[in-house]
Every structure is written in structure tokens, then in C-alpha cells.
Visitor: 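I'd like to ask some things about the structure below.
What's counted below: heavy atoms across the whole structure, side chains too, no hydrogens, waters or symmetry copies. Throughout, protein chains are lettered first and strands after them, A, B, ... in sequence-line order, and every chain is numbered starting at 1.
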Amino acid sequence: MNRVPSSVRRDPCAVHRFQTMTYWRLFRNTSRSVSTAEGLAVDDTLPQSVANHGSPPILHLYTFVPSVIVGKYQDIESALKLDRCKARGIEYNRRSTGGGTVIMGPEIIALGLGINVDWPGLERGGVGGVFESLSRVFIRALDALGIPSQFQPKNDIQVSGKKIAGLSAAAETGKSLLFHTSFLVDFDVELMTDIMNTPLVKLSDKGYNCFSQRMTTVREELGRRVPLTSVMDAIQEGFEAEFEIRFQEDEPDSWEKETIQAFIRDRYTKPEWIFSHKHPRSRMGVGRIKTRGGLLEVYLSLSGGSIENVVITGDFFSTTQDVNRLENALKWASAREESISQKISEVWRDEMIYGVDVPTLTRAILLAKENQVRL
Amino acid sequence: MADIKGYNMPDDLYYHKDHAWARVDGTKVTVGMTDFFQKEAGDIVFIDLPDTEDEVSQGEVCGKIQSRKWIGKLVAPVSGEITETNEDLEEDTSLINSDPYGKGWILVIEASNLDEELKNLMRGDALVAFIEAEVKRAEDEKAKAK
């Protein structure tokens, strides 16, 4: 049974319509960009409300003030140049979901979804099903905006091999789940290179323009400014079509407001949370080898024993799409030789990088691992 | 009977419904995550372990496990005191994927109420039924979506 929102309760006809359709709640904030503490606290409340407060799934669409947010188990002091964030007035915080660093701001749509992991519209049960179903929502939304896109397992939505949205999720209360994504309407590359420590930033220091080969935005794809509200509309409609539901605009009730305030007070304004030391050790290294196809350079960042990020570059012949496919396959894989070789082999095809084969690429990555230094 | 629907589930272990396994040696219980869990979760990239000397209760969330796409919970299959955690996982969490019942062990609990609590864990026919139900649930969800 759907919980009837306060805005519907006063009208008996509306109550009847509501009870015979499947409605999800929508918290949509277009009036202002919110602080990281506020936005993240609302998001953490969503699965709590679904699990403990009888709410149907809730979608939260909003924007942040200019900010940068790390994943739950990232080393914030290695991931960010905190002095530059402070100098530029960029907020930083830590979210409760996994994954890597994201830049947020008034031109990037933030999305939080609280949903039961066994919701019948999901492609299959479990967290993997959430990713598959929700990726289709974003593909529909981009399609409606005139941008054909694909899901790049396991975490990205891509347009012609370039990332336009990233997905992350965390299991929360019981069987309910918080799902996060960021949707790039427009993006400040200069800001990213100034405040983040990633292999891509190291390359930018050398004059490579890596970002434009790896990321894109709605604005760049369409060649014009698009109102944020239009993109939010497209996302909403994507959900409605994919899950065969309707949204009811709503706002947090008093229980939810109290929960939000508790998360702000006890989590998102606490240095112990923001600077948490529960994370794997971060290291970075470079591997360079001469191959038949030219110089092959690999920039590797490691998080404990896993590959957090890898950038494959050099003066060989390949396509952006193929290089991105390889980089994506290696992301978050174990940095052990057999695992690296296996992940490359899973996506490899002949001449993917001219003059380079799987053992050679594996060797370059292992060399970068050998050369690792602590950040 | 180590193979259930393609998942390796050794006979000599006890299993919790949240996919932790327990190997009992006297009152010492070694704990890890099952082959079913690691296949569903994918590459494990971080494990947030409890401290040794922490007291845990059966069914209590005592840690978090992050794969590249989500953060799952580690549930204590029995009550007691945590006496050991696997330090090798700090450097290589993929051991949970590559050797879930061996080098990928997670922690050891000195159990405080073992005889009673083992009755709440699964093995044998109950385990087969549980895994089959989990697999069927996933298949049903997929069928509904088509």
C-alpha cells in the first residue's frame, strides 16, 4: 500500500487515484544549491525512510554548492588538494556510498534514490539489478535529450566512450538501499585539475588534454546550454517509463526532517567522519615501456591492493573508446598479475592498441605498480 | 555436496543467511564470506574490519565490505569476542574473491554461546534449500522484468 503524501490526503478523488497507481515520492529541489552536509543527509535519510518509516521509494533530485565529495572508503587527504579547496571556497565532504571522488556544483545534477533492493521492477534481485535497471533510466533520459548513450559496466554511463554519469551505491538499513549518481550537465575541468590528485591530473600537468577524451557533458554533446530543470524532467520521465510508476512531489515529513538533522549534526559536520582513516593505503606509480607500436605509458593509482584508477597513454595508435574500455575494465580490479591479465583479456580484441598485446600491457601496469610511491 | 547450483559451499561449514560462513574448532570460530556472496558482489576493494577484543552478537553487523559497485555488511554468525582479524586483507582484499574459504578468511570469534547458536545456522538440506531459493529469487526478479 502506498503511503499517501500530505498534499494528496485532502482530496478523496486524488486519494483513490493515488491508491490504485504505484507512486514514488519525489524530493525535487530547484530553488537553491545545497551544502554537502544537507544534500548528503537527505540522501542518507531516504533508505531509512523506506526501511523503517513505511515510505515507497524516494527520488531526490538537487544540486550542490561548488564542492567535491569522496567515496566512503577513500583517503580524502590523498584524493584532494585540501589547501586548494579551502583557498577557492570549495566544500569537501565524504558520502556514505562507495566509489571515487566527484566534483559537484550548480551545473551537475545530484541524484539520491532510496529503494527496496527487492523492488519488482528491478532487472534482477540484488544490488547488481539496481545498477542494471537504473542505468537504463539514465540512458532513456539522455535519449530523450537527444544523446545516445551506453552503460559501461560496472559504474558508468558513457557517450561515445566518454563518461557522462557515474553510479555508486551502498547497502543500508535491512534490504533497502541508497543509490547515488552525478549527472554532468556542465563541468569545470580547470577546477578539477586544481583540487584533485588523480593520474589524470598528473597528465594534465604534462600538457595532455585527457579530460576531454574521457569525460563529456550534456552541454558539450548538444552544443548548447540546457536548463537543469529540463534534464531533471528527462530523468524523472526515465524513471516513470522504466519502473512503470508515477512520481508524487513531496517533501520530508517531520520524522524525516529529524533524521536529516541528526545526519547533519552527527555525521556530515564531524571531522571524524570527513577525515575518516578507515581506508586502504593510496599510492600512485608510472610505468613506461617501448613497444612495437610506440611508447606505452601507464599511470596507476592504487587503493590498498586494488586499482583505483588507470590511465593508458603514449604515442601508439588506438581509439578513445578502446582505451577507455580497457581502463574501465581494470578499475577496482585486484592489482595482482593474474587479475590484471584476466581483466584485460575479457575486453581485448586484436589490434586494440596497435603493436601491443595483453602480456605487454600487463607488464606496463605491473611496472607502474613496482614504481608506486605513497601519496 | 560442495557444489550447490554452481556455488562452492563446503560441507564442513555452518552458514548464516547473510552469507557469512563459520568454521568451528572447539569454541574458536573462523568467519568468512561465501562463494555465493563473492560472486554476487564482484571484486572486493575494501573491508572495514572490527577491532580485536570487540564483543559481537549473533546476527550483528560487525563490518562493511565494499565491492566496486556497493557496500555490503559483514554479519557475525555467532556471538563472542573477536580474537583475530586477517591482516593480509589490508593489502589484498581480492583474497575474498580468489580463496573465500582459505586465505580469504576474515576474522576469528571466541564463541560464547556456540551450542545454542549453531542451531540458527544452516548446513545440509537447509543450506541447499536456502541457496536454491536465493537463486530462484534472482531468476524470478529477472523474469518479472521481462
Visitor: Assess whether side chain to side chain contact (heavy atoms under 4.5 Å, CB included) is satisfied between B/D92 and A/S334, documenting all intermediate values.
Guide: CA-CA 7 Å; B/D92 190 2; A/S334 164; 4.0 Å; yes
Visitor: Between B/I44, B/D18, B/D48, which residue shows the highest count of heavy-atom pairs closer than 4.5 Å to chain A?
Guide: B/D48
Visitor: Can you name the nearest heavy-atom pair linking B/I71 to A/T97, along with the distance?
Guide: CD1-C, 3.9 Å
Visitor: Enumerate by number any residue of residues 50-61 of chain B whose heavy atoms lie under 4.5 Å from heavy atoms of chain A; in the absence of such residues, state 'none'.
Guide: none
Visitor: Which region of B/I47, side chain (C-beta onward) or backbone (N, CA, C, O), has a non-hydrogen atom less than 4.5 Å from a non-hydrogen atom of chain A, or is it both or neither?
Guide: neither
Visitor: State, with a plain yes or no, whether a side-chain heavy atom of B/K64 is found less than 4.5 Å away from one of A/K72.
Guide: yes
Visitor: Should B/T93 and A/S306 count as side-chain neighbours, where that means a heavy-atom distance under 4.5 Å?
Guide: yes
Visitor: ring-ring contact (aromatic ring centres under 6.0 Å, His included) with A/H60: which residues, sequence neighbours excluded?
Guide: A/Y62
Visitor: Around atom NZ of A/K278, are there more than 12 heavy atoms of other residues, nucleotides or ligands at under 6.0 Å?
Guide: no
Visitor: Should we say atom CD of A/E272 is surrounded by more than 12 heavy atoms from elsewhere, each under 6.0 Å from it?
Guide: yes
Visitor: Quick check: under 4.5 Å, non-hydrogen atoms only, which of residues 97-118 of chain B neighbour chain A?
Guide: B/S98
Visitor: Is B/E90 close to chain A through its backbone or its side chain, or both, or neither, when contacts mean heavy atoms under 4.5 Å?
Guide: backbone
Visitor: Taking side chain as everything from C-beta outward and backbone as N, CA, C, O, which of these in B/I65 sits under 4.5 Å from a heavy atom of chain A? Side chain, backbone, both or neither.
Guide: neither
Visitor: Measure across B/Q66 and A/G98 and return the closest heavy-atom pair with its distance rounded to 0.1 Å.
Guide: NE2-CA, 3.6 Å
Visitor: Mind checking what makes ring-ring contact (aromatic ring centres under 6.0 Å, His included) contact with A/Y73, not counting sequence neighbours?
Guide: B/F46
